[in-house]
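For reference, the structure is listed below as structure tokens.
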Amino acid sequence: MKKSVRLDFKSFLFLIILIPFSIVSFAKTGVAKLVCEYHVNPIGIDVLKPRFSWQMITDTQNAKQVAYEIRVASSAENLSKKNNLLWTSGKVESDQSVNVAYQGTPLKSMQRAYWQVRIWDNKNKVSEWSTPAYWEMGILEKDNWKASWITMKDETKSTTSLPAQYYRKEFATTKKVSSARVYVTSLGLYQLFLNGKKVGDQLFTPGFTSYKKRIQYQTYDVTSMVQQKNAIGAIVGDGWYRGYLGWDGLRAYYGDQLGLLVQLRINYTDGTSETIVTDDNWKTSYGAILKADIYNGEKYDARLEMDGWAKADFNDAKWKPAGILNHSKDILVASNGLPVKATQEIKPIKTIKTPSGELVFDLGQNIVGWARIKVNGKKGDVVTLKFAEVLDKEGNFFTKNLRAAEATDIYTLKGGAEEVFEPHFTFHGFRFIKVEGPIVPTAAQITGIVIHSDMKQTGTFTCSDPLINQLQKNIQWGQRDNFLDIPTDCPQRDERVGWTGDAQVFSMTAGFNFDVASFYTKWLKDLALDQQPNGEVPNIIPDMWNNKLGGVTAWGDAAVIVPWTVYKTYGDKRILEEQYVSMKGWVEYMAKNAGDDYLWNQNRWHWGDWLAFHSDKPDYAGAVTEKDLIATAYFNYSTTLLSKIAAILGNTADATKYEKLAENVKKAFIKEFITPNGRLVSHTQTAYALALSFDLIPKDLRQKSAQYFAEDVKKFGHLTTGFVGTPLLCSTLSAIGRDDLAFMLLNRKQYPSWLYPVTQGATTIWERWDTQKPDGTIIDGMNSFNHYAYGAIGEWLYTHVAGLSIDPQNPGYKHTLFHPHPGGGLTNANAEFISLYGLVQSAWEIKGDDLIYKVIIPANTTGTVTLPKATLNQVLLNGSALKGELKKNAKEVDNNVVVALGSGTYEFSYAAGKEFNKVAK
């Protein structure tokens, strides 16, 4: 029997009054998600003044940090007791919570430091001290490297791939271990083992850098792995260092001798330490990996496995002493990018018997990585795995687009129990796996392993159109697949290198999709190193092409544009400081080549609007944009950015100098490429997109040029742009008030368009608009099915369609601009981004006659919301009319309502649905 509960009116009123006070009394300000140099508790860094970031946690609106205090100590105990602090900031009156630089006692090699922070909010509340975090320095001075480079002596020279090299050494410990760190790198790719277990989960270490100028090393915490009797071992394969690289059949570009460098420091509880290093007491041998090449694949003979080779008491009598390799340690740097890791496993969705009788497994997704296979068979049986992105029009396995890359893994069985094979030093770009040999595996025995730089996904975009949602998925998969330590152009053929143009045009979309701060920081260091003394930027970074065709417009501009992207996305001023000489060098290079007339039109080859749409008509010129027009436009754009960057860095002289230079380039552009009637001499979509987007059209001609641009788009009914024009196409149309045309291009499903590949079953972005014809015919030549450049449309989806934009005056989402643009037949769109401050969201939906718009602004930030086609009196917030401070901060501008907001979650609604439905038609 239920008991009835009676509540008289006075009690009820008391509860109603009490609830708000209870909420207020329990409202707290806190600090969480501490990161150092964009990483959680990093070890082995070499940044002398590392930067701290944290998030303000609160359950109140309009919350701001008004002050912070950081303290740093050499131990967690000292931190809590405030003893022997390395640094205390004291109370600093500031709202900065991102990239606050350490200013304490200079740090030493291998030193660990603990830090925590507390903050004061705008309601005079002070938070508790955060949970401590830490970071640990790497080896900072050359003299602290006690290890020697070692190599396999008397290795037979070869013009083709050689077997991977195995190294080992045994050692003993007699004391109790308090901590152990191993610092390791290689010439080639390494995998490190301690007592039979792989150290860490990183892949393709030490990473791809300009090896002749800098080599990364990694640091691992191996405290729990050290025993009394120990063996440390490593396998080293060719990798980028000695393997095939590029499409010219080039091999061993950086060197023809592999090397290994290992330094294991063990600290004991009694205060003593010991260091185990690579030297000529190590031993080396070949093993089961007969060949390991990134392009061609891996050949593995399990009959040659040496059980226990990385464990103590292994009989290595037949192994040979390692030799000392004379190689510099001066160029060693701590790893500062993102580690490559295996992030997903995908099972086949279909088993196929092709018309030509091939056994093929379909993963249903174009990925980068390899296949894990489980097999049972006799000793000596051979299983061959081949990889392809597509099947041809007849349904057969298609590898012609791989060119010279063999993309083949060969496994020889040792016989007995079930065997499992995964390669060590190769990766493939593929959706389909062909299996050859006497063993016929099932789909359950095949697994696709996805690998890429371990970027955290920060952005999502979704809308009411499933095809556009698939396009967004394809863009993100293309980024995963091509961001493998460097931003590769494609992951499957004999190329896979860091084309600067691709990276430049996609950089903002990349910054929405994933956390790429560390990724780009690492890559840009190589760009600066490989830049020529005259400022010329190679086409490829790291430069493995001997600077062939370097100094190319839109490609070399990555030197300026990518650091600017990182600054805007993360509020990272330091990257501008570190890359400033490189940026300035590139602009000065263009200035010297342009000459006194400020036109970059010297007799020089450029890629131009690479892979623009071309008609079969011989007289067609609708997509042929003059290269000197593109070059001069980019000359102006990068120079303008450099002027802004100089001002941000406080270099007023350079800011003025480059502002004037940009003005002169603009004048020259107008005189050379624009008629008095506003028509561009290259009457193409790319030309107008560049000129309008880069503000190269005089104000009095802008409307006429915009009209020419719009008429060209209408005339063709489709895009005609290539790598240079495509990223700017829809954003420029929207900027001139032609959302109707921008949405028309987005929604188009026929070739050429973004959605055409989606209708053909694409799961990544294609290199060409017509990589595959509607009848299944695959074009000859360059035809990658995984080339991310055209995915740059993603930036417009986030910023314009969903309405989530960075304010360049307050970068890193310190202040966010929210301005949705319903249209194109869409009934909703949602963009979310996890900034360094927290979640930012911009989501709109048309419900009947109403437009409903939701925004989330994280604590310690602000936002400005623009509500399209609205009047102040009709706008509701959470179902009620705007009032108080919100109404004071709102105004009507050009048929929009603009509202300045503090942090919090807001839902606006007003009757505008019919108007947007009209636009959609």
Side-chain angles (χ1 to χ4, degrees), residues 61-62 64 95 98 458-461 463 507-513 564-572 641 644 648 693 695 727-728 730-737 739 742 792-823 829-844 851-870 872 875 877 882 885-886 889-908 910 912 916:
Q61 290 203 147
N62 299 313
K64 291 182 180 179
D95 65 352
V98 169
T458 49
T460 58
F461 171 87
C463 68
S507 60
M508 271 310 305
T509 298
F512 277 110
N513 288 333
W564 179 246
T565 294
V566 176
Y567 168 73
K568 286 199 301 181
T569 306
Y570 305 101
D572 190 335
L641 286 183
K644 292 179 181 178
I648 290 166
S693 180
D695 192 26
L728 303 173
C730 285
S731 61
T732 311
L733 285 169
S734 293
I736 64 171
D739 267 2
I793 182 65
E795 178 185 355
W796 181 74
L797 296 177
Y798 280 104
T799 62
H800 192 80
V801 178
L804 180 61
S805 296
I806 297 168
D807 177 5
Q809 302 302 316
N810 297 275
Y813 297 89
K814 183 66 174 173
H815 179 259
T816 305
L817 305 176
F818 299 89
H819 188 177
H821 291 82
N830 177 37
E832 297 181 17
F833 181 81
I834 302 172
S835 74
L836 290 171
Y837 299 97
L839 176 66
V840 189
Q841 183 181 21
S842 176
W844 60 264
L851 176 68
I852 300 170
Y853 185 45
K854 177 183 176 183
V855 300
I856 296 178
I857 304 172
N860 201 32
T861 73
T862 57
T864 298
V865 170
T866 300
L867 302 171
K869 299 186 184 300
L872 199 55
V875 175
L877 173 61
L882 297 180
E885 288 298 314
L886 270 177
N889 293 333
K891 56 185 177 181
E892 294 183 5
V893 181
D894 297 332
N895 199 26
N896 301 317
V897 169
V898 180
V899 190
L901 298 170
S903 65
T905 299
Y906 305 87
E907 186 173 283
F908 299 93
Y910 58 101
F916 291 116

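- The structure places CZ of F461 at 4.5 Å from CG of L797, a figure rounded to the nearest 0.5 Å.
- For the atom pair CD1 (I736) and OG (S693), the distance works out to 11.5 Å, reported to the nearest 0.5 Å.
- For the pairing with L867, the side chain to side chain contact (heavy atoms under 4.5 Å, CB included) check across L872, L851, V875 returns one residue only, V875.
- How far CD1 of I856 is from CD of E907: 10.5 Å, rounded to the nearest 0.5 Å.
- Judged purely by atom type and a 3.5 angstrom limit, D95 has no side-chain atom pairing as donor or acceptor with the backbone of N860.
- Shown here are the side chain to side chain donor-acceptor pair (under 3.5 Å) partners of T732, two or more places apart in sequence or in another chain: there are none.
- In this structure a side-chain-to-backbone donor-acceptor pair under 3.5 Å is missing from S734 to D739.
- For H815, the side chain to side chain contact (heavy atoms under 4.5 Å, CB included) partners at least two apart in sequence or on another chain are D807, N810, L817, T862, T864.
- Minimum heavy-atom separation, A802 to S842: O-OG, 2.6 Å.
- Other residues, nucleotides and ligands place more than 12 heavy atoms under 6.0 Å from the NZ atom of K568.
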Step by step, work out the side-chain contact (heavy atoms from CB on, under 4.5 Å) result for T816 and F833. CA-CA 11 Å; T816 305; F833 181 81; over 6 Å; no
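- Between Y570 and V98 there is no side-chain heavy-atom pair separated by less than 4.5 Å.
- Here H819 contributes atom NE2 and N896 contributes atom CG; the two are 5.0 Å apart, rounded to the nearest 0.5 Å.
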Going through the checks in order, is the side-chain contact (heavy atoms from CB on, under 4.5 Å) test met by Y906 and Q61? CA-CA 10 Å; Y906 305 87; Q61 290 203 147; 4.0 Å; yes
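- Between A890 and V897, the shortest heavy-atom distance links the atoms CB-CG1, 4.5 Å.
- Ring geometry for H800 against H821 counts as parallel: the plane angle stays under 30°, on a 0 to 90° scale with 60° as the upper cut.
- Between F818 and G863, the shortest heavy-atom distance links the atoms CE1-CA, 4.1 Å.
- Within the 4.5 Å cutoff, side-chain heavy atoms of Y910 are placed close to those of P868.
- A pairwise comparison of heavy atoms in S507 and T565 identifies OG-OG1, 3.0 Å as the closest pair.
- Considering every non-hydrogen atom in both I806 and G812, the closest pair reads CG2-N, 4.4 Å.
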Y567 and I648: CA distance, side-chain angles, deciding distance, side-chain contact (heavy atoms from CB on, under 4.5 Å) verdict: CA-CA 11 Å; Y567 168 73; I648 290 166; 3.6 Å; yes
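- Here the closest heavy-atom approach between residue N513 and residue Y798 is recorded as OD1-OH, 2.8 Å.
- Atom NZ of K64 has 12 or fewer heavy atoms from other residues, nucleotides or ligands within 6.0 Å.
- For the atom pair CD (E885) and CG (N62), the distance works out to 9.0 Å, reported to the nearest 0.5 Å.
- Between Y813 and F512, the ring-plane angle classifies as perpendicular under the 30° and 60° cut-offs.
- When side chains are defined from C-beta on, L839 does not count as touching P858, because their heavy atoms never get closer than 4.5 Å.
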Give the C-alpha distance, both sets of side-chain angles, the deciding distance and a yes or no for side-chain contact (heavy atoms from CB on, under 4.5 Å) between V899 and L886. CA-CA 7 Å; V899 190; L886 270 177; 4.0 Å; yes
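- By the neighbour-count criterion of 12 heavy atoms within 6.0 Å, atom CG of D894 is sparsely surrounded, having that number or fewer from other residues, nucleotides or ligands.
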